[in-house]
Amino acid sequence: MKFPKKLCEDTVLEYIRTKTPLSGVPAGVELPPNTDLGDLAIALPLRIAKKLQKNPMEIAQDLAEYLLSNRPELEAVEVAKPGFLNCRFSDRYLIKEMLRIVDADSLELPQIGQDSSILIEFVSANPTGPLHVGHGRGAIYGDVLARLFQAFGYRVEKEYYVNDGGSQIERLGRSLKLRLKEEAGATVDFESELYKGKYLKKLARRPEIDVSMSVEELAKFSKKEILSWIFDSLKKSRIEFDNTVFESEVASRSKIERIIEKLAAVDLVYEKEEALFLKTSSLGDDKDRVLIRGNGEPTYFINDLAYHLNKFDRGYDRMINVWGHDHHGYQQRLLSGMEALGCEKSRLEIKLYQLVDLYRAGEPVKMSTRAGEFVTLDELLEEVGADAVRFNFLTKNHNSPLDFDIDVATSRTEENPVYYVQYAHTRLASILRKAGSDFENSVVGSELSKASHDLVFKTLCFPGFLEDVLKGREPHKITFWLRELASKFHTFYVEHRVINYEDEELTTLRLKLVELLKLTLKTGLNLLDVRAPDKM
RNA sequence: GCGUCCGUAGCUCAGUCAGGACAGAGCAGCGGCCUCCUAAGCCGCAGGUCGGAGGUUCAAAUCCUCCCGGACGCGCCA
């Protein structure tokens, strides 16, 4: 099935191809500023008038006639100054599509990803402390992105990369040891590099460990415990992973050596001041980067190269990394490194999300894992609930910093936009419950009111809209779209009574619309993994 | 200093990638609406030099240049 906008675009492109000498011109089909003008607007004549040396109004007139005779789904195409076209679809077409979708009980998203596999790596927070709200934002973004790809037929794997190498784990062990000493009555002094969070105090009281254990043993213990906290928090956010990959396994000594050999073979490494460098500056990075430190220890960077080489070797068509914006300076380094290893770097895509600035009663809360002063994702989930957290983290573009005032989020839960959309779904369910199976008239030749026409048209555009959302990796647009549809429905609900035993044909038609709207809201909420309740 | 992102209504933000018809929501404010499918809702009013200045264009919030403000990054940390 083709969506309304796609139908129009195809015909406009056909017109360009057959009736003009131009090529490579986008169709310019868009939504009009308001629905009184029509269902779709076309600005093409204004864009090509100069190239064709013609009056835009003349082109518009010609294109309008072409559209009307080649697109039977269109009922009217009007020309407007200074050269716009406004298209209106016929009620017959909209009703036919509506009935088809309602009968199938599915929006039938095109399975454009059927032959592609995709790996989405996200969260990947270090196992040195519980997840905070900032992690939550990346988690929801990655998860919904994965769900979107799945809905379009892609084979998707969700992956968590555990940075359990390097000095941070050793510091974690030392931090826990200090807390144990403290428990035993000693006065302790924390270096600035150590983790001072209260979660380690909690851990220090666990019976399995005691102060005599080595830093290494304590590190292993706390890493395992904290990781299970993290996966618990994610589960409460309705997020589960297909793969968990450990840095300690994927970046073993032998694998590191193999990477160095590979890079040396293409003459991209050199030694300087006892350290081994990669010539990333010749591949687009600002400067060369250290692979092996002067003390012989591998850097995080070379371990990451090993991990990503492992990813590439697994043969996915596309790999997406979701990172916090504080890593943006690291992007080029990784991409240059992968290029040095001969990987096709266009298969790897890095999406950054801006961090969350937390406020409490208008006052900024400084978050730092080491200082241990932060609000955990668990606390937020506890106070606000998974539906509201998931929905709200997607009400802003991932490129924009998110200001999150805890007091606002917790004290005004009724005003949360997620309830607005859920309530629309509830009202729809309530109407269907009430109507039962009393109305079974034929509606094929019916006419739609303006409000119904607009509602059907908008929902028919949803699959195409989702495809755009997927291509742009911008799942936050779904929450805006759902809010818009809910708003249009709430208005419709107040102005039109659906169930009316005096006019069964009209009632049947409106019930079909109700079914269509309910299915659409449910599909959208499912993509976000937010509940679509029948009762509230 | 260099780099990335952000700057749109009192507040939080869509819209910027693919330039088009009077710049849109939500919240907060003010005023209305429940004998009727859930008022967690609806309707109306008010609120804007789209950070600033130039430029390109028939047309700029959108593209280009410069400037101002904010966040983040620029380790042999991860």
Side-chain angles (χ1 to χ4, degrees), chain A residues 26-28 30 32-34 37 41 43-47 49-50 56 80-84 86 124 126 128 163 165-169 171 193 247 272-277 286-287 289-301 303-304 324-333 352-355 357 362 369 395-405 408 412-424 426-435 471-472 474 476-477 479-481 483-484 486-487 489-500 507 510-511 514 535-536:
Chain A
E30 52 200 46
N34 72 66
L37 293 169
L44 181 79
L46 290 162
R47 293 184 187 167
K50 199 168 208 174
K81 281 192 255 187
F84 290 102
N86 293 311
S124 297
N126 296 340
T128 54
N163 295 127
S167 52
Q168 56 172 346
I169 294 297
R171 285 202 296 267
E193 292 290 284
E247 181 181 0
K272 191 177 110 188
E273 293 160 13
E274 316 236 310
L276 193 67
F277 282 75
D286 298 341
K287 48 180 144 178
R289 306 292 178 175
V290 176
L291 294 169
I292 304 290
R293 294 179 201 134
N295 65 8
E297 287 296 313
T299 56
Y300 173 81
F301 176 46
N303 286 356
D304 218 17
H325 194 262
D326 53 341
H327 288 77
H328 76 260
Y330 184 71
Q331 278 181 100
Q332 189 54 53
R333 192 188 311 187
L352 302 177
Y353 62 92
Q354 287 279 359
L355 303 179
D357 290 319
T369 307
T395 53
K396 280 152 194 96
N397 187 315
H398 61 271
N399 271 331
S400 298
L402 173 64
D403 287 342
F404 202 106
D405 193 312
V408 171
R412 298 193 216 164
T413 49
E414 312 82 31
E415 286 165 16
N416 202 304
V418 69
Y419 294 120
Y420 183 80
V421 176
Q422 288 180 319
Y423 184 54
T426 298
R427 277 181 150 179
L428 290 159
S430 176
I431 295 170
L432 293 175
R433 230 179 3 250
K434 190 115 179 169
K471 285 179 180 154
E474 293 177 311
H476 72 280
K477 290 184 174 174
T479 63
F480 284 89
W481 196 92
R483 201 147 60 174
E484 257 174 51
S487 166
F489 164 67
H490 281 309
T491 299
F492 176 85
Y493 179 91
V494 169
E495 288 173 0
H496 305 78
R497 190 177 163 84
V498 174
I499 299 171
N500 177 6
T507 300
R510 286 184 176 165
L511 283 172
V514 166
K535 287 184 178 174
M536 285 172 78

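Note on naming: letters A, B, ... go to the chains in the order of the sequence lines (proteins, then strands), and numbering restarts at 1 for each one.
Comparing B/A78, B/C43, B/C37 by their closest approach to the side chain of A/R293 singles out B/A78. Nearest to the side chain of A/Y330, among B/C58, B/A21, B/A78, sits B/A78. Which of B/G41, B/C77, B/G26 sits closest to the side chain of A/R483 comes down to B/G26.
At a threshold of 4.0 angstrom between heavy atoms, the contacts of A/H490 are confined to the sugar-phosphate backbone, with no base atom among them. A/Y493 comes within 4.0 angstrom of a base, heavy atoms only. A/R497 comes within 4.0 angstrom of a nucleotide base, judged by non-hydrogen atoms across all strands. At the heavy-atom level, A/E273 lies under 4.0 Å from base atoms of the strands shown. Using a 4.0 Å heavy-atom cutoff across all strands shown, A/A424 reaches no nucleic acid atom at all. Across all strands, A/K272 comes closer than 4.0 Å to base atoms (heavy-atom distances). Base engagement by A/K535 is indicated by at least one non-hydrogen atom pair under 4.0 Å involving a base atom. Contacts of A/N34 with the nucleic acid, taken as non-hydrogen atoms under 4.0 Å apart, include base atoms.
Nucleotide B/A21 is matched to nothing when pairs are restricted to Watson-Crick or G-U wobble geometry with both distances under 3.5 angstrom. Remark: B/U57 base-pairs with no nucleotide in the shown strands. Criterion, Watson-Crick or G-U wobble with two distances under 3.5 Å. The partner of B/C36 is absent, by the rule that a Watson-Crick or G-U pair needs both atom distances under 3.5 Å. In a base pair of the Watson-Crick type (N1 to N3 plus N6-O4 or O6-N4) or a G-U wobble (N1-O2 and O6-N3), with each distance short of 3.5 Å, B/G31 is matched with B/C43. Pair assignment for B/A71 gives B/U4, based on Watson-Crick or G-U wobble hydrogen-bonding distances that are each under 3.5 Å. Using the Watson-Crick or G-U wobble rule with both distances under 3.5 Å, B/A14 pairs with nothing in any strand shown. Across all strands shown, B/C50 remains unpaired; no Watson-Crick or G-U wobble contact has both distances below 3.5 Å.
A/T426 has no side-chain polar atom (N or O) that falls below the 4.0 Å cut-off from OP1 or OP2 of B/A40. Here A/R333 does not reach the OP1 or OP2 of B/C74: none of its side-chain N or O atoms lies under 4.0 Å away. Between A/R289 and B/C77 there is no side-chain polar atom (N or O) within less than 4.0 angstrom of OP1 or OP2.
Of the P atoms belonging to B/A18 and B/C11, the separation is 32 Å, rounded to the nearest Å. Between the P atoms of B/C6 and B/A14, the separation comes to 10 Å (whole Å). The gap from the P atom of B/U62 to that of B/G52 amounts to 10 Å, rounded to the nearest Å. The separation of B/A23 from B/C27, taken at their P atoms, amounts to 22 Å, rounded to a whole angstrom. Taking atom C1' in both B/C13 and B/G73, one finds a spacing of 25 Å when rounded to whole Å. Between B/G10 and B/C30, the distance separating the two C1' atoms is 14 Å to the nearest Å. Between the P atoms of B/A53 and B/C43, the separation comes to 37 Å (whole Å). The gap from the C1' atom of B/U12 to that of B/C63 amounts to 28 Å, rounded to the nearest Å.
In this entry the distance linking OH of A/Y420 with C1' of B/A25 reads 10 Å, nearest Å. Straight-line distance from the CD atom of A/E247 to the P atom of B/A78: 8 Å, rounded to whole Å. In this entry the distance linking CD1 of A/I292 with P of B/G75 reads 19 Å, nearest Å. When rounded to the nearest whole Å, the span between NE2 of A/H325 and P of B/U4 equals 10 Å. At whole-Å resolution of the value, CD in A/E297 and P in B/C77 are 10 Å apart. Atom CG of A/L46 and atom P of B/A60 are 13 Å apart (whole Å). The CD1 atom of A/I169 sits 16 Å away from the P atom of B/C77 (whole-angstrom rounding). Whole-Å rounding puts the A/E495 CD to B/C36 C1' distance at 15 Å.
Side-chain atoms of A/Q168 come within 3.5 Å of backbone N or O of A/N163 as a donor-acceptor pair. The backbone N or O of A/Y420 sits less than 3.5 Å from a side-chain atom of A/H490, completing a donor-acceptor pair. Of the possible donor and acceptor atoms, one in the side chain of A/R510 sits under 3.5 Å from a partner among the backbone N and O of A/R497. Between the side chain of A/Q354 and the backbone N or O of A/N399, at least one donor-acceptor pair lies under 3.5 Å. Side chain of A/T299 to main chain of A/L291: a donor-acceptor pair is present (N/O by atom type, distance under 3.5 Å, no hydrogens or angles). Listed for the A/N295 side chain is a donor-acceptor partner under 3.5 Å among the backbone atoms of A/E297.
Put simply, the side chain of A/H327 and the base of B/G73 share no donor and acceptor less than 3.5 Å apart.
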**From CA spacing to verdict: side chain to side chain contact (heavy atoms under 4.5 Å, CB included), A/F301, A/R333** = CA-CA 8 Å; A/F301 176 46; A/R333 192 188 311 187; 3.5 Å; yes
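A residue-by-residue look at A/Q354 and A/K81 shows that A/Q354 has its nearest nucleotide of RNA chain B further toward the 5' end. For A/D326 and A/Q331, each mapped to the nucleotide of RNA chain B holding its nearest heavy atom, the one lying further toward the 5' end belongs to A/Q331.
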**Prompt:** What string of B, S and - do you get for nucleotides 12-19 of chain B 5' to 3' if you count protein non-hydrogen atoms under 4.0 Å?
**Reply:** SSSS----
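Anti is the glycosidic conformation of B/C22, whose angle departs from 0 by more than 90°.
Heavy atoms from other residues, nucleotides or ligands lying under 6.0 Å from CD of A/E274 number 12 at most.
A heavy-atom distance below 4.5 Å is found between the side chains of A/D304 and A/Y330. In this structure, the side chains of A/L428 and A/Y493 stay at 4.5 Å or more apart for every pair of heavy atoms.
Geometric assessment of A/R483 against the ring of A/F480 yields a positive cation-pi assignment under the 6.0 Å and 45° thresholds.
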